[in-house]
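Here's the structure, in structure tokens; my notes come after.
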Amino acid sequence: MIALLAASALAADLDVRVRERSDGDPVAGAVVTVATGAATTGDDGRATLRVDDPGPWTLTVTAAGFSPAASQVVRPDKPVRVFLVRSTADLEVVVEGFKQSADPTRHTVDAEVANETPGTLDDAIRLVQSLPGVTVQREYSPTSGGLSVRGSQPGDSRYYLDGIEIPYLYHFNQYASVFPASQIDNLELFPSTFSARYGDAVGAVVEARSTLDAPEATHGSAHINFVMAGGDVRAPLPRGWWFTASGRRSYQDLAGEQTPQFTVWPRFHDFVLRAEHGDAQDGTGLFAVGAGDSYTRAAGELDVLDPLEATTTPSLAYQEGYQVLGVRRQWVRRHAEGRAVAALVHHKRTGELAQLGREALERLTGSSRYDMALRPEGDFGLDAGYELNASTMSLVVEDAGDQGVRVAEEAPALARGVSVDDGLSRVRGGLYGTAHLTAGTLRFMPGLRIGADTTAAEVQLAPRGAVQWRPGQSTMFKVAGGRYAQRPEDEHLIAGTGDEALPTTASWQISAGWEQAVAGRLEIGVDAYRKWFRHPLLFPIDAPAFAADTGAATGVEVLTRYRLREVFFLWGWLAVQQTTVTTPQGVFAADGDQLISGGVVASLDVGHVNLGARYRSASGLPFTQLVGSTYDGGRDAWVPRSGPTNGERLPTYHKLDLRAAYTFELRGWSLTMSMELWYVPPSSTQLYPTWNYDYTEQGWVVGPGVLPLLGARAKF
Amino acid sequence: MWVAALLACQLPFDVDRHDLVGFRVAALSAPATADLGALTPTAAVIVDGRAWAPSPVGLSWYWMHPDDDVADLDALAPPDGTGPAPLLTVPADRRRLALIARRPGEERRAFVDVASPPATVPRVSGFAVSDLQTPLDANPPPLLDLEARNALDGADATWVGPSGLLRMKVLLADGGDEAIVRWTSTAGTWFELDPTTADWASADLLLDEGEIDGAVIPLSPGPVTVIAIVVGAPGQTAFAATEVHVDAPGPGLWTQGRWLPTDAPVDPGPDDAVRGTLVAADDSPVGVVLTGATVQDAAEARAQGWGTDTLACLIAREGPFDPGWFLTQHCGRALADGHEVAVIPDPAP
């Protein structure tokens, strides 16, 4: 502290404004002290100090959770701004696994973890791929965005944003998720055996929750990396309202990027607009969310076509997007909390194969959901609620003949080779209730979900249940299980391109686990599960979906976690699983069958520096080998012959991501510059198999071994 | 898909569909008889990368339902026809004609879906060949740019130097405007230009994003067999074979569109035949060389006998010798070795 003498002899009022350095938020309750007195800042971070001695004056400012600061004041006629830095002296140890919930097996990701885990590019949903039980997909591959959890297929899982189901999670099924981490407060993954709160899913549930903390001042950020740029802003409005908006867009197409393969470079965008009143404890929100993806590509790999074929190869114009408009109300009382949400979801997907055929799928869904939790004092609690979706879908397919198979990835209906002009309206929903009964160290959570769907003449009764036993403060045992069911998606029920008689997939699931906190900081957990399926669906690319007889998934996961909030986090996991499908042709590995996987994630904050590393390793996913072909003399083409279904495996996969970031904390805003290095060893760069012209020789499409990435984010 | 396209790459395979290597059914044709009630299928079969085999490959033909998978065909089931050109009646309910080609230890399966009713197929009357006089090992043209290559012009030729560029066009006897030609050869690199025309490089080379990647490896001097497959409407497939030469050809003659080497130069006139003895030669594109070739009047050769009726072929042959019989598995080279035959040379271009 430095003291100076001033020339002024007049009494004066010092206008002191105390702000947090990293984001400029006002600091309430800070104590401002000068020699002649002290004052405390209000909610606006301001305090007024009367001084009647000649200056200059030395101010000291202290506040809980912040390092003390001092400031010298020479002129009393100007506001005095003091910026405080958060103190790391009070370290918050985060023990995630012991929260009371009807879903004893769940993984939670929050913004800090999302922003600082290497390899995720600040994308919370990409981070899900580093959680135990989630199939490790090969980076850069066409399926890198596929979320397969505990052996399930991507279509078996449901994705929710604040209780509203969204049609898809990733732009182009890879790379970036459809909403930014900056809007997310936390994200939960329920890998299996979830409670009765969720239905119509035999896989996993991902629920993201938006940030609902009302800002006291305007904040925002802007960011850029090698693919996209974006920004967000949060600002208070009059009368208790506040506003937040975010937007992201790819930009390489704006720079005129184009190749013969992609005549319109892939472009995507997403946005969130919210007007909120109140906060997470008591609030109402109006929201609009949307995402869009599009490109135009040659419907064939030009590298392997002759020059004439390349010029006559038709182009595919692909577009997909969704928009959500909704309203939400959440409240927390002493013994209860609840959330009600209603929204309209519009989803559209088109694939136009130039001058040959097209598919257009459009769906409008009205969604409504109410969840309530009662927690009176004592040993009893209750969760209850409902979910209701009414949708109308239209599907138009103008058959493109043989060419449709080339674009199966983007236009799956076009690949099935059947012209369709049809639609489907359906209503589906569920009522649920879960009781919470505590008896000493035991907690019982029986539940029941009653579901129905107008596409099936049946009511689904899904008993669920969980038991937690805490013999000590640091130990928990858990068992959960129940019946799960899932109806096929609309487009698979359309006659011609689908099958109206597709059955419901039913599943009995059970999981058991143990969690242990060591020395109050380190968590260790083990989960084992078993899932039995009846009528799991399979999706050939050139034929309608069909139901297999049965399926099964079994696995064990080990997880360890350690976290000091805003300083360090580490988790590691190891998973062993096997998933099979049984058809009349025999038993084969399911697409998501990944025998062993594991990884370690660590992130350390040292002052302004963040260092992180992530390593993942997994056995290869199965694929069906092609074992030769038959020559079609009428077309001079080769018809491949398939080997045993999923009888081969990709090589074992390893990936190491390293991250280093430096944050410049300036007056009221911060700038974070980050660099990442993604490394895949040569033995793991294979993305997917490819074959020569007559399918007698198999090779690989390979991705880069080393990829450096730069990013920048400015926050205020 | 998008990120893979941006960041991924695929190592090219050594062999693509243009390359006649190994054991391969290179082409199928199922031309109908004049009354359209039957057809006589033929197959061009490559054995060990050659357009001939020591002994004919066994050919078994089966009628199948169009929805049936030829891969599931029971190889022990009695075929509907055997040999190189069986006369087959077309059944009403089974219009997929499948072929199993067998040699010791190997088989290849193929099929052609026959149009209803079976149709005639476009007939190849010949090839137009020109040298584009564009060396590939020095300032090559943009090979994937159709417009740039279309601007190239050349002179009629039957041979090109190593690392050169030939232009070949299929001539169709009866129009065939809707046909597309698919080109294959025992060596060299192809660059299609239009539905019936392609440029052939007398070199092995790879392209990466339109540019020659790595060395241009010139072919060794000698003949290269070309098979052009004409694909038209369903079931209307035809094929024709010929040779192109890297460097000026040695002694020989053109007959039935094919190059038949001789042991000494011959100079037949327009009404002449050439008689000689077939001798096995592995470096000949047709498997044999005509030795002791002498020119005689065609009428005289006809009266003397062409010698083909005594060739031990699977189906009795007659008329002038056709080297293409080895490609279509009518005859094997081993039993033709040492046999005296007469040929009618093709008219000079």
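Reminder, nothing fancy here: chain letters follow the sequence lines and each chain counts from 1.
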Heavy-atom pair with the smallest gap, counting every atom of B:Ile229 and A:Asp636
CD1-OD1, 3.5 Å
For the residue pair B:Leu146 and A:Pro307, what are the closest heavy atoms and their distance?
CD2-CB, 3.9 Å
Within this structure, what is the NE2-OH distance for the pair B:His18 and A:Tyr693, rounded to the nearest 0.5 Å?
11.0 Å
Using heavy-atom distances under 4.5 Å, tell me whether B:Arg108 contacts chain A through its side chain, its backbone, both, or neither.
neither
Where does A:Thr311 contact chain B at under 4.5 Å (heavy atoms): side chain, backbone, both or neither?
side chain
Heavy-atom contact with chain A under 4.5 Å, split by part of B:Ala26:
backbone
Can you give me the closest heavy-atom contact between A:Asn692 and B:Val15, atom names plus distance?
CB-O, 4.5 Å
Is there a donor-acceptor pair under 3.5 Å between the side chain of A:Tyr631 and the backbone N or O of B:Phe111?
no
Residue A:Trp638 versus chain B: region with a heavy atom under 4.5 Å:
side chain
Under the salt bridge (charged side-chain N to carboxylate O under 4.0 Å, His left out) test, residues paired with A:Arg641 that sit two or more places apart
none
Where along residues 62-72 of chain B does a heavy atom come under 4.5 Å of chain A, listed by residue number?
B:Val70, B:Ala71
Show your working on side-chain contact (heavy atoms from CB on, under 4.5 Å) between A:Val702 and B:Cys9 and close with a plain yes or no.
CA-CA 5 Å; A:Val702 298; B:Cys9 68; 3.7 Å; yes
Over all heavy atoms of both residues, which pair between A:Gln698 and B:Phe13 is shortest? Give the atoms and the distance, please.
C-CE2, 3.9 Å
Counting only heavy atoms closer than 4.5 Å, note whether B:Arg149 contacts chain A via side chain, backbone, both or neither.
side chain
If the condition is salt bridge (charged side-chain N to carboxylate O under 4.0 Å, His left out), which residues does B:Arg109 pass it with, not counting sequence neighbours?
B:Glu107
Of all pairs that satisfy salt bridge (charged side-chain N to carboxylate O under 4.0 Å, His left out), the ones with a partner from residues 623-633 of chain A, not counting sequence neighbours:
A:Asp632-A:Arg635
Indicate yes or no: at least one non-hydrogen side-chain atom of A:Leu308 is less than 4.5 angstrom from one of B:Pro195.
yes
